[in-house]
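Have a look at the structure below before the remarks.
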Amino acid sequence: MTAGRLEYVSDPRPVPYRFDTDATAALVRSEFGELEPGSETGRIVRLAGRLMLRRGQGKLAFGQLADSSGRIQLFATANETPNFEDFGRLSLGDWLGVTGEVMTTRKGELSIKVLDWTVLAETRRPFPDKWHGITDPDTRYRQRYVDLWVTEEARQTLTTRSRVISLIRRWLEDRGFIEVETPVFHPIPGGALARPFVTHHNALDQDMFLRIAPELYLKRLVVGGFEKVFEIARVFRNEGISPRHNPEFTMIELYQAYADWTDMMSLVEEMVAHLATEIHGTTTISYQGRDLDLSVPWRRAPLADLVSEAIGERVGIDTPVDHLRALCDRHDVDWKDYYGPGKLLLELYEKTAEGVQWQPVFVTEYPVEVSPLARPHRDLPGMTERFEAIVAGRELCNAFSELLDPDDQRERFESQVRERDNGDEEAMAVDDDYLRALEYGLPPTGGLGIGIDRLVMLLTDSATIRDVVLFPTLRPEQTEGRDGEPAAELDTGEETLP
RNA sequence: GGGCCACUAGCUCAAUUGGCAGAGCAUCGGACUUUUAAUCCGCUGGUUCAGGGUUCGAGUCCCUGGUGGCCCA
């Protein structure tokens with residue numbers, strides 16, 4: 001670390017409080033991309049960014065200025081650049097504000113001839129190798145502020161993520177959906193089968209749960225008359241970390257009154273095809289070296305059919321429990337005594353059939369037993385009008401015709417409580433206020449939840465969710481205080497008992 | 001939770017059979033008026049993840065722990 005390096009520069013000027021720019025690297029390129037070698041344009045521009053390459057050349061110096069749009073060469077001369085000696089002493093990574101003339105060098109490289117410059121911030125820490133960057137994944141995620149400068153794919157992927165979310169928002173708003181915000185603190189965790197994070201509100205002296213899904217609040221809003229709503233919701237699930245799981249992740253959930261699950265299928269496939277076209281210009285993309293055809297329509301296949309196909313014999317919700325258990329044993333699936341046929345069928349599906357699907361498929365007809373918020377299938381007893389979209393072997397979304405009947409919903413909740421008593425820590429609890437809302441009447445409604453992180457993984461060809469999350473959850477670093485003492489414990493304001 | 005692998009300078013990586021811890025880049029000093037990861041000369045820079053063990057001698061072998069990656073549950 002080089003502390004206070006710029007104190008030794010012969011003419012240190014104070015770091016300004018603001019710096020006006022009127023150009024970016026990309027703007028200069030697009031406007032002057034086709035200049036002949038040796039051109040001088042007379043056009044003066046002001047831009048700012050980090051110095052990422054530097055080449056001293058005696059009475060000349062070259063550099064590369066990087067901003068959020070890209071990079072462009074800086075050209076400094078002893079005659080025309082103020083404080084030329086100091087310019088040559090800048091470190092890779094220093095932030096600069098530059099005023100200069102757009103020109104090309106003798107070799108034809110588009111450049112900014114530096115006519116004035118100022119340091120906007122010095123880097124006290126050396127930047128990573130200018131060619132190799134950072135390869136250690138842990139360092140990349142922990143020091144994303146460095147990674148974004150030295151790993152071009154990271155910058156592009158995370159920029160694409162922002163773009164995807166923006167496109168989704170616009171696409172839904174164009175279809176009459178309104179965006180809402182519902183509570184993150186839930187008194188009762190609900191809306192999904194997952195273990196929550198628990199926290200505590202001191203003034204209310206009450207435990208709260210970070211939401212595992214916004215579903216029940218959004219359906220309350222449909223009861224309240226918001227006919228088309230969506231929320232881009234950060235949700236929190238207290239489970240393991242893997243290439244496909246981050247404890248906090250982003251879902252988009254939407255609800256549409258007077259619609260059913262078939263409307264949700266159309267909506268998903270059209271929206272995803274739209275996103276692929278906007279991002280890639282085509283609905284046929286490549287993911288992890290394999291083609292992925294996102295063109296509408298996607299295949300539809302009942303869950304029981306896919307299981308039957310995978311295990312080579314016909315099974316369904318009416319297959320005897322003993323036989324389903326035997327099949328689970330044969331396919332190395334753990335089961336519990338309280339599992340009914342629906343749960344056994346789902347476990348078999350997840351073990352044998354889900355991962356082998358590559359092209360998009362709507363897996364339809366989920367058992368009532370494992371779908372406590374979905375409406376019973378209009379034709380098939382024991383089934384619900386629920387589907388998941390599987391793309392590249394992974395769940396992309398979950399959707400259904402919403403369960404409307406408060407009496408049925410209460411029974412489903414109570415069945416969940418029995419599962420919890422049996423030891424299933426992911427089972428739901430009874431939410432009386434939600435039942436009260438249903439008693440006021442929820443109209444026929446289609447609901448849908450999409451995992452944004454996984455969607456962005458598909459659209460950016462990312463192998464791990466950590467590559468599409470700016471700051472993925474990591475174990476805390478062993479930190480030290482300034483004097484090498486262990487860092488002070490965080491004071492939570494919690495009163496401790498004597 | 002289980003298995004396998006990795007961890008060496010700020011970054012990227014070497015180090016033969018267990019035998020003086022090295023290079024490139026960055027940093028720092030110097031040369032250079034058209035460079036393109038510039039080039040050239042020089043100087044710095046190490047708790048080899050931590051602790052223990054074996055040994056005349058450990059980056060290397062053994063044990064325990066840490067962090068990360070991949071796979072499985």
Side-chain angles (χ1 to χ4, degrees), chain A residues 1-10 25 35-40 50-66 70-81 84-94 101 103-114 122-143 145-147 149-152 239-246 288 328-329 331-336 347 350-352 355 393 425 462-467 472-480 484 486:
Chain A
M1 177 160 35
T2 57
R5 184 171 33 80
L6 295 176
E7 289 169 17
Y8 305 105
V9 171
S10 62
L35 288 181
E36 295 293 310
S39 303
E40 301 209 331
R50 272 194 206 266
L51 186 71
M52 293 306 283
L53 287 176
R54 181 170 56 76
R55 294 181 284 275
Q57 183 72 43
K59 297 282 194 293
L60 290 179
F62 299 89
Q64 202 172 60
L65 189 74
R71 295 186 177 196
I72 193 156
Q73 178 163 277
L74 299 178
F75 176 80
T77 73
N79 291 336
E80 295 173 277
T81 302
F84 176 79
E85 295 278 305
D86 295 338
F87 187 86
R89 271 196 279 271
L90 291 167
S91 289
L92 298 191
D94 284 342
E101 178 184 1
M103 55 161 284
T104 53
T105 61
R106 284 180 202 162
K107 295 276 175 61
E109 179 80 21
L110 185 65
S111 308
I112 307 296
K113 182 158 68 185
V114 181
E122 63 172 313
T123 174
R124 294 189 182 189
R125 292 177 182 264
F127 262 57
D129 187 287
K130 60 191 175 190
W131 188 245
H132 299 97
I134 311 175
T135 56
D136 177 35
D138 189 49
T139 307
R140 287 189 50 215
Y141 302 139
R142 283 188 201 282
Q143 300 185 33
Y145 38 83
V146 178
D147 183 46
W149 285 105
V150 301
T151 310
E152 175 63 16
E239 35 200 50
I241 296 176
S242 85
R244 287 163 296 281
H245 298 87
N246 198 57
Q288 302 294 293
C328 283
D329 288 337
H331 290 92
D332 214 20
V333 174
D334 288 332
W335 54 269
K336 305 265 174 31
E347 294 286 323
E350 288 181 350
K351 178 76 176 190
T352 64
E425 293 185 333
S462 298
T464 152
I465 193 170
R466 291 184 286 267
D467 284 337
T473 303
L474 301 170
R475 216 176 284 270
E477 247 177 316
Q478 300 278 340
T479 55
E480 286 189 344

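Residue A/R466 places at least one side-chain N or O closer than 4.0 Å to OP1 or OP2 of B/G69. Residue A/R54 places at least one side-chain N or O closer than 4.0 Å to OP1 or OP2 of B/U27. Remark: A/S111 is not in phosphate contact with B/U36, judged by side-chain N or O atoms under 4.0 Å from OP1 or OP2. Residue A/R55 has no polar side-chain atom (N or O) positioned under 4.0 Å from OP1 or OP2 of B/C40. In terms of phosphate contacts, A/R125 brings no side-chain nitrogen or oxygen within less than 4.0 Å of OP1 or OP2 of B/G10. When the side-chain nitrogen and oxygen atoms of A/K130 are compared with OP1 and OP2 of B/C25, none of them lie within a distance under 4.0 Å. Not one side-chain nitrogen or oxygen of A/T123 sits closer than 4.0 Å to the OP1 or OP2 atom of B/A26.
Nucleotide B/A9 forms no Watson-Crick or G-U wobble pair with any nucleotide shown, as no partner meets the under 3.5 Å limit on both distances. As the counterpart of B/A38, no nucleotide is assigned, since no Watson-Crick or G-U wobble pattern has both distances under 3.5 Å. With a 3.5 Å ceiling on both atom-pair distances, the Watson-Crick or G-U wobble partner of B/C4 is B/G69. Partner assigned to B/U33 is none, using Watson-Crick or G-U wobble distances below 3.5 angstrom. Nucleotide B/U60 is matched to nothing when pairs are restricted to Watson-Crick or G-U wobble geometry with both distances under 3.5 angstrom. Checking B/U16 for Watson-Crick or G-U wobble geometry (two distances, each under 3.5 Å) identifies no partner in any strand.
B/G10 and B/U39 have their C1' atoms separated by 24 Å, given to the nearest Å. For the C1' atoms, the distance linking B/G46 with B/C13 amounts to 15 Å, nearest Å. Rounded to whole Å, the separation between the C1' atoms of B/A23 and B/A9 comes to 11 Å. The same atom, P, is picked in B/G59 and in B/G51; the two are 13 Å apart, to the nearest Å. The gap from the C1' atom of B/U60 to that of B/U54 amounts to 13 Å, rounded to the nearest Å. Going from the P atom of B/G29 to that of B/U34 covers 24 Å, rounded to whole Å. The separation of B/C28 from B/U44, taken at their C1' atoms, amounts to 7 Å, rounded to a whole angstrom. One P atom belongs to B/G2, the other to B/A37, and the distance between them is 48 Å to the nearest Å.
Distances from the side chain of A/L53 to the nucleotides B/C28, B/A37, B/U33 place B/A37 closest. Listed candidates were B/A38, B/U67, B/U34. Nearest to the side chain of A/F75 is B/U34. For A/R475, whose side chain is taken as the heavy atoms from C-beta onward, the closest listed nucleotide among B/U27, B/G68, B/A73 is B/G68. Checked against B/U34, B/U36, B/G69, the side chain of A/E109 finds its nearest nucleotide in B/U36. Listed nucleotides B/C28, B/U33, B/U12 differ in distance to A/H132; the shortest reach to its side chain belongs to B/U12. Minimum atom distance to the side chain of A/D129 is reached by B/U12, of the listed B/U34, B/U67, B/U12. Nearest nucleotide to the side chain of A/I134, out of B/U67, B/U12, B/A26: B/U12.
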Original post:
Step by step, would you call A/F62 with A/E109 a side-chain contact (heavy atoms from CB on, under 4.5 Å)?
Top reply: CA-CA 11 Å; A/F62 299 89; A/E109 179 80 21; over 6 Å; no
Subject >> Residue pair A/T105, A/Q73: steps toward the side-chain contact (heavy atoms from CB on, under 4.5 Å) verdict >> reply: CA-CA 10 Å; A/T105 61; A/Q73 178 163 277; 3.5 Å; yes
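Residue A/D136 places no side-chain atom within donor-acceptor reach of the base of B/G68, judged by atom type and a 3.5 Å distance cut-off alone.
Applying the side chain to side chain contact (heavy atoms under 4.5 Å, CB included) test to A/K59 and every residue at least two apart in sequence or in another chain returns A/A78. Judged as a salt bridge (charged side-chain N to carboxylate O under 4.0 Å, His left out), and not counting sequence neighbours, A/D129 has no contacts.
To the nearest 0.5 Å, atoms CD (A/E101) and CD (A/E80) are separated by 8.0 Å.
A heavy-atom distance below 4.5 Å is found between the side chains of A/V146 and A/P128.
Within the nucleic acid shown, A/G133 comes within 4.0 Å of sugar-phosphate atoms alone, with no base atom in reach, counting heavy atoms only. Here A/Q64 lies out of heavy-atom contact (under 4.0 Å) with every strand. A/R106 comes within 4.0 angstrom of a nucleotide base, judged by non-hydrogen atoms across all strands. Backbone-only contact: A/T135 has heavy atoms under 4.0 Å from sugar-phosphate atoms and none from a base.
Take the nearest nucleotide of RNA chain B for A/T77 and for A/K351: the residue whose nucleotide is more 5' is A/T77. In this structure, A/S242 and A/R142 both approach RNA chain B, and ranking their closest nucleotides by distance from the 5' end singles out A/R142.
Checking A/R54, A/R71, A/R50, A/K130 one by one against A/Q64, the side chain to side chain contact (heavy atoms under 4.5 Å, CB included) holds for a single residue, A/R71. When each of A/D147, A/I134, A/D467 is checked for a side chain to side chain contact (heavy atoms under 4.5 Å, CB included) with A/Y141, only A/D467 meets the rule.
Put simply, CG on A/L65 is 16 Å from C1' on B/U36, counting in whole angstrom units. Look at CD on A/E347: it is 12 Å from C1' on B/A73, rounded to the nearest Å.
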